[in-house]
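Comments concern the structure below.
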Amino acid sequence: QVHLVESGGGSVQAGGSLRLSCAASGYTASHYCMGWFRQAPGKEREGVAAIYTGGDSAYYADSVKGRFTISQDNHANTLYLQMNSLKPEDTAVYYCAADPLRVLCSGAWYLAGMKDDYNDWGQGTQVTVSS
């Protein structure tokens with residue numbers, strides 16, 4: 001089981017930026033799909049972005065395209081989410097997730113709605129954007 005610890009959340013004003021980090025340990029497979037998800041109060045958890053540790057193709061929810069960037073430092077086993085031009089509707093608990101199934105960060109997964117079928121999850125970090 002992969003152990004994931006998120007950090008970097010906080011409170012910002014609309015238009016501001018935050019950078020989330022996810023430190024991973026306990027890998028047992030060669031590569032993983034690594035994803036960021038979020039859950040706002042009263043809403044279902046939704047996919048934000050995902051990337052494969054064995055490649056550089058990334059997928060983004062339409063609501064964050066052009067504003068958020070997912071990246072990884074494989075040497076440091078750390079996943080990042082750079083969030084720019086934040087909006088109040090970005091307010092949520094953000095979760096990091098990992099799964100060795102390649103399909104969970106593929107075009108098919110994106111087209112299926114970026115479902116949260118990942119195996120391992122962090123504890124989440126709160127992001128609050130005020131208007």
Going by the disulfide (SG to SG under 2.5 Å) test, which pairs reach into residues 102-131, not counting sequence neighbours? C33-C105
ring-ring contact (aromatic ring centres under 6.0 Å, His included) contacts touching residues 61-87 (sequence neighbours left out):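 Non-adjacent pairs meeting ring-ring contact (aromatic ring centres under 6.0 Å, His included): zero.
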side-chain contact (heavy atoms from CB on, under 4.5 Å) with T69: which residues, sequence neighbours excluded? Y60, Q82
To which residues is Y110 joined in a hydrophobic cluster, defined by side-chain heavy-atom contacts under 4.5 Å among Ile, Leu, Val, Met, Phe, Trp and Tyr, whether direct or through other members?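 Besides Y110, the cluster holds F37, Y59, V93, Y95, L101, V103, L104, W109, L111, M114, Y118, W121.
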Could you list the residues that satisfy salt bridge (Lys or Arg N to Asp or Glu O under 4.0 Å) with D62, not counting sequence neighbours? K65
What donor-acceptor contacts under 3.5 angstrom involve side-chain atoms of residues 1-10, with partners at least two apart or in another chain?
residue: E6; atom: OE1; partner: Q123; partner atom: N; Å: 3.0
residue: E6; atom: OE1; partner: Q123; partner atom: NE2; Å: 3.4
residue: E6; atom: OE1; partner: G124; partner atom: N; Å: 2.9
residue: E6; atom: OE2; partner: C96; partner atom: N; Å: 2.7
residue: E6; atom: OE2; partner: G124; partner atom: N; Å: 3.2

Please report the closest heavy-atom contact between [X] and [Y], naming both atoms and the distance.
X   : Y   : value
G47 : A61 : O-CB, 3.4 Å
N74 : T53 : ND2-O, 3.0 Å
M34 : A98 : SD-CB, 3.5 Å

Only distances under 3.5 Å count here; give the side-chain donor-acceptor pairs of residues 14-23 to other protein atoms, sequence neighbours excluded, each with its distance to 0.1 Å.
residue: S17; atom: OG; partner: N84; partner atom: OD1; Å: 2.9

For side chain to side chain contact (heavy atoms under 4.5 Å, CB included), just list the numbers for V48 and L81, CA-CA rounded to whole Å, side-chain angles, deciding distance to a tenth of an Å, and then say yes or no. CA-CA 9 Å; V48 175; L81 186 68; 4.2 Å; yes
Rounded at 0.5 Å granularity, tell me how far OG in S71 sits from CD1 in I51.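 Answer rounded to 0.5 Å: 7.0 Å.
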How would you list, by chain and number, every residue that makes a side-chain hydrogen bond (donor to acceptor under 3.5 Å, both in side chains) with [X], sequence neighbours excluded?
X    : result
Q126 : T128
S30  : none
T125 : none

Residue pairs fulfilling salt bridge (Lys or Arg N to Asp or Glu O under 4.0 Å) with at least one residue in residues 87-105, sequence neighbours excluded: R38-D90, R67-D90
Under the salt bridge (Lys or Arg N to Asp or Glu O under 4.0 Å) rule, what pairs show up with a residue in residues 105-131, not counting sequence neighbours?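 Every pair satisfying salt bridge (Lys or Arg N to Asp or Glu O under 4.0 Å) with a residue in residues 105-131: R45-D116.
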